Amino acid sequence: QVQLEESGGGLVQAGGSLRLSCAVSGSISGINLIAWFRQAPGKQRDLVASITSGGFVYYVTSVKGRFTISRDNAENTVYLQMNSLKPEDTAVYYCNYQGQTTRDAYWGQGTQVTVSS
């Protein structure tokens, strides 16, 4: 089992910044991918960014140049630095862990990010 705990959400004005953290614990596979998803009210949960255990990163086009995903492997913590925030970034942000099998996948509880205009 893997446990994920998100933190760092909050309320910011457009153009502001937030740094989300995802603390990962438990039986972590040496080969894994951790991703940030977000879900706004009435919308599907969408991938925002991901990072592999080897440090390869991916971003959805709408956040490229504004968000940065990183990980501290020694601490098993993944970060999402969000700059130049826009109201359309408002959502609950979820951390997701994916191991090497379909069963080895877990979600965090989510953290709210609200961006005012």
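Since the model is a prediction, treat every value here as computed from it, not as a measurement.
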Next on the checklist: Tell me whether Leu80 shares a hydrophobic cluster with Val60, the cluster being built from Ile, Leu, Val, Met, Phe, Trp, Tyr side chains joined at under 4.5 Å.
Outcome noted: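 Linked within one cluster.
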Checklist entry - Do Val57 and Ile34 belong together in a cluster built from hydrophobic side chains that touch within less than 4.5 Å? => result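 Hydrophobic grouping puts Val57 with Ile34.
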Next on the checklist: Walk me through whether Leu18 and Phe67 qualify under side chain to side chain contact (heavy atoms under 4.5 Å, CB included).
Outcome noted: CA-CA 10 Å; Leu18 284 173; Phe67 292 9; over 6 Å; no
Side-chain donor or acceptor of [X] paired with backbone N/O of [Y] under 3.5 Å:
| X | Y | answer |
| --- | --- | --- |
| Tyr59 | Ile69 | yes |
| Thr111 | Ser7 | no |
| Glu6 | Gln109 | yes |

Checklist entry - Under 30°, 30 to 60°, or over 60°: which ring-plane class applies to Trp107 and Phe37, parallel, tilted or perpendicular? => result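 If you compare the ring of Trp107 with that of Phe37, the planes turn out perpendicular.
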Where is the tightest heavy-atom contact between [X] and [Y], given as atom of each residue plus distance?
| X | Y | value |
| --- | --- | --- |
| Gly110 | Tyr94 | CA-CD2, 3.5 Å |
| Val115 | Thr90 | N-OG1, 2.9 Å |
| Leu47 | Ala49 | CD1-O, 3.6 Å |

Rounded at 0.5 Å granularity, tell me how far [atom1] in [X] sits from [atom2] in [Y].
| X | Y | atom1 | atom2 | result |
| --- | --- | --- | --- | --- |
| Gln100 | Asn32 | CD | CG | 8.5 Å |
| Ser117 | Glu88 | OG | CD | 10.0 Å |
| Ser25 | Asn76 | OG | CG | 8.5 Å |
| Arg19 | Met82 | CZ | CE | 11.5 Å |
| Thr52 | Tyr58 | OG1 | OH | 6.0 Å |

Item to check | All pairs passing salt bridge (Lys or Arg N to Asp or Glu O under 4.0 Å) where residues 60-74 contributes a residue, at least two apart | outcome: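 Pairs touching residues 60-74 that pass the test: Arg66-Asp89.
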Item to check | Pairs meeting criterion salt bridge (Lys or Arg N to Asp or Glu O under 4.0 Å) with involvement of residues 98-116, two or more places apart | outcome: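 Residue pairs passing salt bridge (Lys or Arg N to Asp or Glu O under 4.0 Å), neighbours aside: none found.
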Any [X] side-chain heavy atom under 4.5 Å of [Y] side chain:
| X | Y | result |
| --- | --- | --- |
| Tyr97 | Ile28 | yes |
| Trp36 | Val78 | yes |
| Tyr106 | Gln3 | no |
| Val12 | Ser17 | no |
| Phe56 | Leu33 | no |

Next on the checklist: Please enumerate all residues that pass side-chain contact (heavy atoms from CB on, under 4.5 Å) together with Ala91, with sequence neighbours excluded.
Outcome noted: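 Counting only residues at least two positions away or on another chain, Ala91 forms a side-chain contact (heavy atoms from CB on, under 4.5 Å) with Arg38, Ala40, Tyr93.
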Checklist entry - Would you find more than 12 non-hydrogen atoms of other residues, nucleotides or ligands less than 6.0 Å from Ile31 atom CD1? => result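 Not more than 12 within 6.0 Å, no.
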Checklist entry - If you measure only the distance, is there a donor-acceptor pair under 3.5 Å linking the side chains of Asn96 and Gln98? => result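 No.
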